[in-house]
Amino acid sequence: QNVFTSAKVFSLIAVVLVGFVAKNAVALEANFGTAWHNFWLGSHRLHPIQVGIGGPVAYVGLFTVLAVAQVGSLFSADAWNNVTFTAGEVRNPRRNLPLSLALGTGVVLLLYIACNFVYLSVLPLSASMSSCVGAGCPAALSPVLLHGITGAYQDRVATSVMEVAFGAIGAKLMAAAILISTFGCVNGMLLAGARVYYAMSRDGLFFQSAGQLSQRTQVPVNSLWMQCGWTCLLCLSGSYGQLLDYVIFAVLVFYILTIFGLFVLRRIQPDAPRPYRALGYPILPGLYIVMAAWICVVLLRYKPQYTWPGLALVLLGVPVYLLWRKSGPPATDPQQESSAS
């Protein structure tokens, strides 16, 4: 996991470095020149957005467009909390958990923001903005530049940037980097995700077999197989973009509930030990709840095919939780297990 995570990080750093070399005047003028100023001058105008699949076109404000567009970027950072799934197996969690959360999230945000600046400095935003402006403009633009960011083949913007820099070989280099990145992401999320079912089982809230470790490898093999089956079912149920809408809406609901729990615990357990502080409390947590709730409301309105079913699945968990808590297997005490062994 360390090897593939490092390879992913260095691949993104390479894209950023290449972007500084491959930047061109056409893209800079199109994205940061007149068009950039016109965009912000017209930011108060309404923008067209389609309601669901095949639905009517509605005209909305800039903040609504940003909320809908957050689905992809939120997913790119969504695994920020996965390290907490293994909190019981982390050395010195009081120090290392907050540190890893801050460093992991900070590095991801820094790399993705840098990459987006690179995209804007190499490719025009859209085909309509790629018309040559200013002195020194090349007589003929490459097809990649003509299509711009919004017209990138299968939305592979980074691949288009590498094609501008290195030609056809650039696309192959990016394909290799994407394969490495995907494997590292899947491997890490599989390892962390199985710990959730394992912990639920130990708390008496899931199948007892999910809380058993393999005697040979000391990993929750049954949880991994359960996760494998559910993942295969999801992959066969729809497209990648549809799953994104399901996932992001659901996780935002849980993030809101989790952060709201900060306010509840401060009230009902004011003297409880708190190993690390919630920075900016109560302003930052409150602001996060407001912003995340706004995104959820917008997604419910403009992507109803996936968000309402996702909300139904989340709400379905409430009676299932209460039923399992009442009739499920008892929680496992790790101290008793260790003394018995």
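When atom types are taken as modelled, the side chain of Thr84 and the backbone of Asn81 share a donor-acceptor pair closer than 3.5 angstrom. Formation of a donor-acceptor pair under 3.5 Å by the Thr64 side chain with backbone atoms of Val60 is not found in this model. Between the side chain of Asn222 and the backbone N or O of Ser209, at least one donor-acceptor pair lies under 3.5 Å. At distances below 3.5 Å, at least one donor-acceptor pair connects side-chain atoms of Ser6 with backbone N or O atoms of Asn2. A distance-only check finds a donor-acceptor pair linking the side chain of Arg202 to the backbone of Gly211 [under 3.5 Å].
Atom CD of Gln218 has more than 12 neighbouring heavy atoms from other residues, nucleotides or ligands inside a 6.0 Å radius. Arg274 CZ: more than 12 foreign heavy atoms inside a 6.0 Å radius. Counting heavy atoms of neighbouring residues, nucleotides and ligands inside a 6.0 Å radius, atom CE of Met291 does not exceed 12 of them. Within a 6.0 Å radius of CZ in Phe117, other residues, nucleotides and ligands contribute 12 heavy atoms or fewer. Taking a 6.0 Å sphere around NZ of Lys8, one finds it holds more than 12 heavy atoms contributed by other residues, nucleotides or ligands. The number of heavy-atom neighbours closer than 6.0 Å to CG of Asn92, taken from other residues, nucleotides and ligands shown, is above 12. The local environment of CG in Leu315 is crowded, with over 12 non-hydrogen atoms from other residues, nucleotides or ligands closer than 6.0 Å.
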Next on the checklist: Applying side-chain contact (heavy atoms from CB on, under 4.5 Å) to Ile49 and Val57, what does each step give before you reach the verdict?
Outcome noted: CA-CA 5 Å; Ile49 185 172; Val57 174; over 6 Å; no

Next on the checklist: Between Val161 and Val118, is the side-chain contact (heavy atoms from CB on, under 4.5 Å) condition met? List the steps.
Outcome noted: CA-CA 8 Å; Val161 170; Val118 165; 4.2 Å; yes

Checklist entry - Could you walk me through whether Phe207 and Met200 pass the side-chain contact (heavy atoms from CB on, under 4.5 Å) check? => result CA-CA 8 Å; Phe207 299 110; Met200 289 171 62; over 6 Å; no

Next on the checklist: Test side-chain contact (heavy atoms from CB on, under 4.5 Å) on Leu299 and Val71; report intermediate values, then the result.
Outcome noted: CA-CA 9 Å; Leu299 291 179; Val71 171; 3.7 Å; yes

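Following chains of ILVMFWY side-chain contacts shorter than 4.5 Å, one cannot reach Val297 starting from Ile256, and the two form parts of different hydrophobic clusters. Put simply, Val68 and Leu243 are part of two different groups of oily side chains (I, L, V, M, F, W, Y) that touch within less than 4.5 Å, one to the next.
For the pair Thr182 and Ile178, the minimum side-chain heavy-atom distance is below 4.5 Å. Contact annotation: the side chain of Met174 approaches that of Val15 to within less than 4.5 Å [non-hydrogen atoms, C-beta and beyond]. Within the 4.5 Å cutoff, no side-chain heavy atoms of Ser201 are placed close to those of Gln212. Counting heavy atoms from C-beta on, the side chains of Asn31 and Tyr119 never come closer than 4.5 Å. Taking 4.5 Å as the limit, every side-chain heavy atom of Ile149 sits out of range of all side-chain heavy atoms of Pro124. Leu74 has its side chain within reach of Ile295: a pair of non-hydrogen atoms, C-beta onward, lies under 4.5 Å apart. Counting heavy atoms from C-beta on, the side chains of Trp230 and Leu234 come closer than 4.5 Å. In this structure, the side chains of Val219 and Val221 come closer than 4.5 Å at one or more pairs of heavy atoms.
In this structure, the separation between CD1 on Ile113 and OG on Ser73 is 10.0 Å, given to the nearest 0.5 Å. The CG atom of Leu316 sits 11.0 Å away from the CG atom of Leu311 when rounded to the nearest 0.5 Å. Rounding to the nearest 0.5 Å gives a distance of 12.0 Å between OG of Ser223 and CG of Leu190.
Sequence neighbours left out, the pairs with a member in residues 249-272 that pass ring-ring contact (aromatic ring centres under 6.0 Å, His included) are Trp80-Tyr255, Phe263-Tyr281. Sorted by first then second residue, the side chain to side chain donor-acceptor pair (under 3.5 Å) pairs that include residues 314-323, not counting sequence neighbours, are Tyr321-Arg325.
With hydrogens and angles left out, the side-chain atoms of Thr5 and Gln1 include a donor and acceptor closer than 3.5 Å.
Counting all heavy atoms, side chain and backbone alike, Val164 lies closest to Ala22 at CG1-O, 4.5 Å. Across Gly19 and Val122, no two heavy atoms sit closer than the pair O-CG2, 3.8 Å.
Hydrophobic cluster membership of Phe183, counting Ile, Leu, Val, Met, Phe, Trp and Tyr whose side-chain heavy atoms lie under 4.5 Å apart directly or via other members: Phe4, Ile180.
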